[in-house]
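Here is how names work: the chains are called A, B, and so on, in the same order as the sequence lines, proteins then strands, and each is numbered from 1.
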There are 6 protein chains.
Amino acid sequence: MRILVVNPNTSRRMTTEIAQAAREGARPDTEILCLSPEHGPETIEGHTDEAIAAYHAIDLVAGRRSGYDGYVIACYGDPAVAACRELVAAPVLGIAEASFHMACLIAHRWSVLTLLPRLEPILQDLLVRHGVERRCASVRAVSLGVAGAGEDHERTVELLTAEARRAIAEDGAEAILLGCAGLGPVAAPLGAALGVPVIESVSCAVGLIEALVGCGLSTSKASAFAAPEPKQLAGATPHLATAYGLGGGQS
Amino acid sequence: MRILVVNPNTSRRMTTEIAQAAREGARPDTEILCLSPEHGPETIEGHTDEAIAAYHAIDLVAGRRSGYDGYVIACYGDPAVAACRELVAAPVLGIAEASFHMACLIAHRWSVLTLLPRLEPILQDLLVRHGVERRCASVRAVSLGVAGAGEDHERTVELLTAEARRAIAEDGAEAILLGCAGLGPVAAPLGAALGVPVIESVSCAVGLIEALVGCGLSTSKASAFAAPEPKQLAGATPHLATAYGLGGGQS
Amino acid sequence: MRILVVNPNTSRRMTTEIAQAAREGARPDTEILCLSPEHGPETIEGHTDEAIAAYHAIDLVAGRRSGYDGYVIACYGDPAVAACRELVAAPVLGIAEASFHMACLIAHRWSVLTLLPRLEPILQDLLVRHGVERRCASVRAVSLGVAGAGEDHERTVELLTAEARRAIAEDGAEAILLGCAGLGPVAAPLGAALGVPVIESVSCAVGLIEALVGCGLSTSKASAFAAPEPKQLAGATPHLATAYGLGGGQS
Amino acid sequence: MRILVVNPNTSRRMTTEIAQAAREGARPDTEILCLSPEHGPETIEGHTDEAIAAYHAIDLVAGRRSGYDGYVIACYGDPAVAACRELVAAPVLGIAEASFHMACLIAHRWSVLTLLPRLEPILQDLLVRHGVERRCASVRAVSLGVAGAGEDHERTVELLTAEARRAIAEDGAEAILLGCAGLGPVAAPLGAALGVPVIESVSCAVGLIEALVGCGLSTSKASAFAAPEPKQLAGATPHLATAYGLGGGQS
Amino acid sequence: MRILVVNPNTSRRMTTEIAQAAREGARPDTEILCLSPEHGPETIEGHTDEAIAAYHAIDLVAGRRSGYDGYVIACYGDPAVAACRELVAAPVLGIAEASFHMACLIAHRWSVLTLLPRLEPILQDLLVRHGVERRCASVRAVSLGVAGAGEDHERTVELLTAEARRAIAEDGAEAILLGCAGLGPVAAPLGAALGVPVIESVSCAVGLIEALVGCGLSTSKASAFAAPEPKQLAGATPHLATAYGLGGGQS
Amino acid sequence: MRILVVNPNTSRRMTTEIAQAAREGARPDTEILCLSPEHGPETIEGHTDEAIAAYHAIDLVAGRRSGYDGYVIACYGDPAVAACRELVAAPVLGIAEASFHMACLIAHRWSVLTLLPRLEPILQDLLVRHGVERRCASVRAVSLGVAGAGEDHERTVELLTAEARRAIAEDGAEAILLGCAGLGPVAAPLGAALGVPVIESVSCAVGLIEALVGCGLSTSKASAFAAPEPKQLAGATPHLATAYGLGGGQS
């Protein structure tokens with residue numbers, strides 16, 4: 001099985017770490033390819049970052065519509081996921097939704113740890129969209145930028161451990177979701193410290209893609225995720241032009 | 001990997017069919033053992049059936065608390081799932097919740113087909129409990145008993161196909177969930193007829209167990225699913241007595 | 001009027017206390033019979049306890065399907081209630097749902113006090129199932145086992161009073177629901193200390209059965225609570241065999 | 001026990017019929033007094049009708065703040081209920097909320113029959129406010145004015161029976177709630193025709209008042225329903241002036 | 001454009017302050033008339049106050065059914081709004097709903113500051129009725145009576161500022177709604193102190209009326225807000241008699 | 001007042017029609033500038049279309065961050081709205097959210113008419129995100145492409161009128177929302193045919209911007225919509241580079 005994991009930001013360090021987390025969750029015979037777009041924000045920490053990153057991630061996926069058994073979008077806001085479902089036949093998962101569903105299978109209530117407080121509203125909307133707001137005990141932020149979190153793992157573990165303990169003690173969390181694609185390296189030390197399941201989202205998404213493929217399931221094309229309607233697309237990249245069935249990437 | 005699939009009813013035919021569906025969804029190196037209790041109802045079509053079957057399924061699982069990497073309770077009302085999560089360390093999944101989560105990954109809205117209309121309220125409660133009521137386009141019943149559905153597959157396919165078509169056309173369903181453990185044999189013909197994903201629930205649960213194990217995740221023991229409190233258990237079966245840490249199955 | 005109150009656990013002390021609470025809420029001309037099964041857990045403090053107790057409570061009710069104007073299941077997780085509604089013609093109430101509905105009639109928002117923290121998730125699910133989650137200001141636990149709570153009433157009152165005061169001051173509770181069948185003896189001292197209504201659940205259920213009977217109402221048999229479908233029931237107890245219309249309790 | 005049943009409209013025929021329904025639901029030793037205000041709309045079929053009737057009903061109750069063990073506001077929009085809870089110490093119930101709670105005790109899902117379609121939005125808001133919107137299978141109207149419905153019972157039964165049958169067959173209703181205070185006389189023929197429970201709301205409210213009193217419960221005065229704050233009340237009626245602690249009904 | 005702003009209480013000071021807030025939010029060419037009923041409570045701080053004030057506000061509006069392009073009911077519980085929608089052709093807005101909708105346009109989550117804690121339940125019901133409960137971070141009260149709040153603006157600003165800071169820091173509020181019609185004078189100092197948008201509700205309602213009129217929109221008369229059904233109205237005021245099409249205000 | 005209306009697609013005809021609708025809703029002294037990006041899809045009919053159009057709309061707004069009192073994103077899926085709120089100080093509205101809020105002010109329940117059925121899931125998610133799903137009677141599609149709808153207004157009016165009549169008769173809609181930016185030209189004939197309010201969304205957004213500005217309100221920058229975090233943005237357009245505080249549009 002071949003899974004394309006897309007890191008929608010342009011941080012090489014994060015791409016490497018995401019690839020490692022993906023491989024740790026994958027079966028031995030699953031091949032993981034982890035790519036990031038050439039263009040876009042270095043980290044994704046808000047709506048504008050997300051929208052720009054989504055555009056470039058879609059372009060990346062549009063250029064690789066075949067040859068993969070599944071796609072993972074490795075940003076914990078699930079940008080571009082719905083669009084990519086329209087573009088490819090194989091299943092596409094966001095890592096936030098993947099972690100939500102996995103968490104529901106092993107804990108009655110769970111909390112999401114994110115980095116910057118400004119991301120909490122984005123996560124709250126995601127939780128409602130997926131119907132899991134009653135299963136989520138809390139969303140908590142540690143006021144650490146995405147780039148900074150990756151640079152000093154020790155400090156990151158320390159801050160996340162303290163916040164997770166509050167989620168467990170005060171909010172009733174029975175499991176902790178790591179709400180950022182780049183937190184794979186801290187999952188093990190955090191789990192050792194907490195004594196409750198710590199859910200790393202990239203590996204969840206890989207595992208769920210494998211499960212879908214194993215069951216012979218993929219995205220329904222009946223309505224929400226049907227291929228884009230044919231139309232003019234001014235200034236289209238070559239990949240998008242092809243995906244829309246246009247001749248040469250020009251409208 | 002070894003997965004114990006428990007058919008909570010006592011129908012041998014269904015146990016055989018469930019085992020086959022489980023194996024079809026499993027990886028080649030996953031070993032499936034499918035068992036059913038010696039006692040209890042032949043089919044599960046209501047609250048009393050469920051409660052009796054749950055008791056016997058719990059007893060069965062209490063006697064096999066080790067040696068498995070995961071457990072599947074193969075009845076589409078998810079009886080005994082929460083209790084079994086208390087009894088074993090490995091993950092435990094119900095097939096209804098498994099199918100709900102898998103469906104959310106591949107379709108915006110989906111419908112559940114059940115057999116008897118009296119099961120609709122049970123499913124509606126389950127959907128709300130799992131927060132997926134807004135993702136469920138409809139629950140539809142075909143007025144066929146569980147035993148009857150298994151005896152005449154051709155007639156069952158015909159009725160389910162007609163009802164599924166109504167769900168797609170009238171309710172906006174983009175995928176169809178088969179809401180009974182014994183419908184594995186009709187999944188393929190139904191899928192061929194409909195043109196939208198048809199989700200067989202036993203294979204979903206097996207795939208999700210494999211995904212959880214692959215990610216190193218299992219039930220949180222922090223609160224809701226902690227081991228039972230030690231206590232007297234009058235008239236306990238030997239397995240339950242052991243699970244409760246009692247000497248000889250008598251209180 | 002004759003009401004059968006079933007204590008689903010096997011604690012004689014609790015059966016005695018439940019009977020007393022039931023009688024205090026009943027009209028003078030209502031006859032209360034309070035029984036508990038011979039087998040099952042001494043207290044109910046989790047999903048496995050509940051499932052085992054439900055089985056034995058169902059068997060008890062199956063053996064007394066006539067001769068009563070109503071049934072109360074006196075455990076604050078409402079086990080066996082839906083199943084018993086299938087088995088008898090008279091109304092059946094759980095004490096948790098009874099207390100929820102009564103609370104809604106006299107307070108805008110109210111809190112539930114339970115004993116062990118592990119019971120909070122069970123209560124949260126119950127609240128959602130009954131649609132009263134927005135009316136519930138909080139669920140709070142005092143970290144006391146059911147058996148222990150009954151042995152030292154003074155200590156129990158002290159702990160519950162402190163927790164109830166927090167619910168009133170911090171959560172906006174206008175009434176306090178006692179979330180355990182065995183808390184009848186502490187209702188009066190708690191009410192005296194708090195100055196807001198304290199709702200004892202067993203008496204609520206008895207009062208509501210009387211109200212239903214007075215209005216000529218009982219369980220609808222149209223769908224969710226129709227009598228069990230006829231079927232083989234391997235290893236059935238004599239009462240269950242009869243309830244299922246089977247000859248001799250053997251399938 | 002003495003219960004004051006207030007018909008907030010000025011139709012004498014309806015007051016008589018409401019009194020009869022109340023007495024049919026009451027215990028033999030409960031004394032029912034049924035009154036209606038001297039002023040206000042003859043029937044209540046919209047928001048303005050409701051607001052005017054509420055004012056006069058509040059004035060009526062303000063003049064009878066003692067001497068009763070409970071109060072019922074007998075209009076199926078529950079006008080004045082919250083205000084009356086502020087004015088008196090004994091419990092106060094609206095007949096709509098009473099019927100909702102009783103219905104939840106005997107049916108998984110139920111439908112409300114109302115008369116004019118314009119009342120559907122009012123009922124939908126009430127259902128949400130009480131958290132029972134998921135238990136309500138449908139609200140259906142028969143396009144009959146309140147006055148007209150009372151004048152030709154035969155025609156009313158015919159229309160309601162047809163609509164109820166649609167609710168049962170198409171919406172999954174397991175019980176039917178009569179959504180108007182004046183439908184007491186049609187409850188019995190409707191029940192005979194339908195084969196599912198038909199819930200008459202005035203008797204429900206009386207039964208629930210009896211249950212509350214039997215359990216020693218009444219409105220919490222902790223917050224939402226505390227007595228009105230003392231203040232000037234220009235043009236107050238004598239009763240309201242007294243209820244507000246003002247000297248002589250003039251501010 | 002002419003807008004009638006109704007202060008439903010009888011406080012002249014509040015009428016003056018409400019008129020000023022209304023004019024500050026209005027376009028230069030909008031004419032604001034601010035009136036209050038002759039009768040009713042001096043302030044509105046509970047359900048009874050609201051019901052009495054609603055009656056008198058309805059009577060006031062019934063006497064001015066033409067000559068205005070829109071109506072604002074300036075009490076933060078939105079009394080009489082639905083009734084007035086039945087009585088007039090022009091749009092009618094409550095100030096609470098106006099502030100909820102405006103807040104949703106500029107902040108992801110926001111908090112409402114009210115005065116007395118007993119008003120919190122009323123606001124919570126309003127929030128649910130308008131579907132904005134998930135957008136509301138918290139409702140917080142400062143334990144100040146409405147009359148008192150208006151007499152000592154300095155103290156009021158101090159208390160509201162402290163409470164608003166808690167809402168921002170602890171509840172995640174990104175904007176603050178002033179939950180009382182009489183808080184116009186404190187909006188500016190509060191905004192200066194907080195650094196997040198402070199939403200004054202009377203000006204919001206005026207702005208929204210202007211927007212509706214600008215778009216050519218007014219209340220739908222199709223169902224919920226159709227004119228009252230013709231009927232007898234005993235003791236009707238002259239205005240109400242006319243509004244109901246009755247000859248002389250007597251039934 | 002100057003408002004920038006952004007048509008995120010590249011259809012010149014739609015830009016012209018959107019500008020006209022915007023001007024019809026605006027005050028005489030409001031200046032409307034209507035622009036569309038040079039690049040992107042000709043119409044927006046799915047997730048990929050939306051994501052591409054969002055990127056180009058954000059770039060357009062990033063280049064015009066000052067000089068406007070408000071911004072309208074004129075596509076009925078509200079793409080780019082949250083991102084643009086981060087980029088500019090003035091208020092930003094999507095036309096879908098604008099129409100939802102306006103509809104809530106004039107009708108109890110309303111229906112949204114869209115063109116292609118594949119857009120229904122997008123609208124359902126939007127309705128839930130804004131908390132108005134209970135106010136929405138239905139979402140109905142007429143199976144007409146966006147381009148086609150603009151080319152044959154007569155046919156479009158005919159199809160929309162028929163579907164709107166079903167929404168009114170079968171779903172209880174009291175007002176009709178036109179769920180596409182390009183439907184301005186059909187609003188008047190539709191309104192004339194239906195007899196209930198027809199809500200054109202572009203004019204709603206303009207009117208609400210005017211109302212916000214009149215009340216001195218704009219987007220809270222406290223959390224969800226704070227300016228983007230400073231960071232590298234590879235391949236940034238000049239406008240985005242400036243908006244992110246980067247030197248020359250290159251990272």
K.L.:
Who pairs with C:A147 by side chain to side chain contact (heavy atoms under 4.5 Å, CB included), at least two apart in sequence or on another chain?
P.N.:
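For C:A147 the side chain to side chain contact (heavy atoms under 4.5 Å, CB included) partners, ignoring immediate neighbours, are C:T43, C:E151.
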K.L.:
Does atom CD of E:E170 have more than 12 heavy-atom neighbours from other groups under 6.0 Å away?
P.N.:
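Atom CD in E:E170 is packed in, count exceeds 12.
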K.L.:
Could you list which of residues 121-146 of chain E have a heavy atom closer than 4.5 Å to any heavy atom of chain C, in residue-number order?
P.N.:
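Hits under 4.5 Å: E:P121, E:Q124, E:D125, E:V128, E:E133.
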K.L.:
Decide if atom CZ of C:R155 counts as having more than 12 heavy atoms of other residues, nucleotides or ligands within a radius under 6.0 Å.
P.N.:
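Atom CZ in C:R155 is not crowded, with 12 or fewer foreign heavy atoms closer than 6.0 Å.
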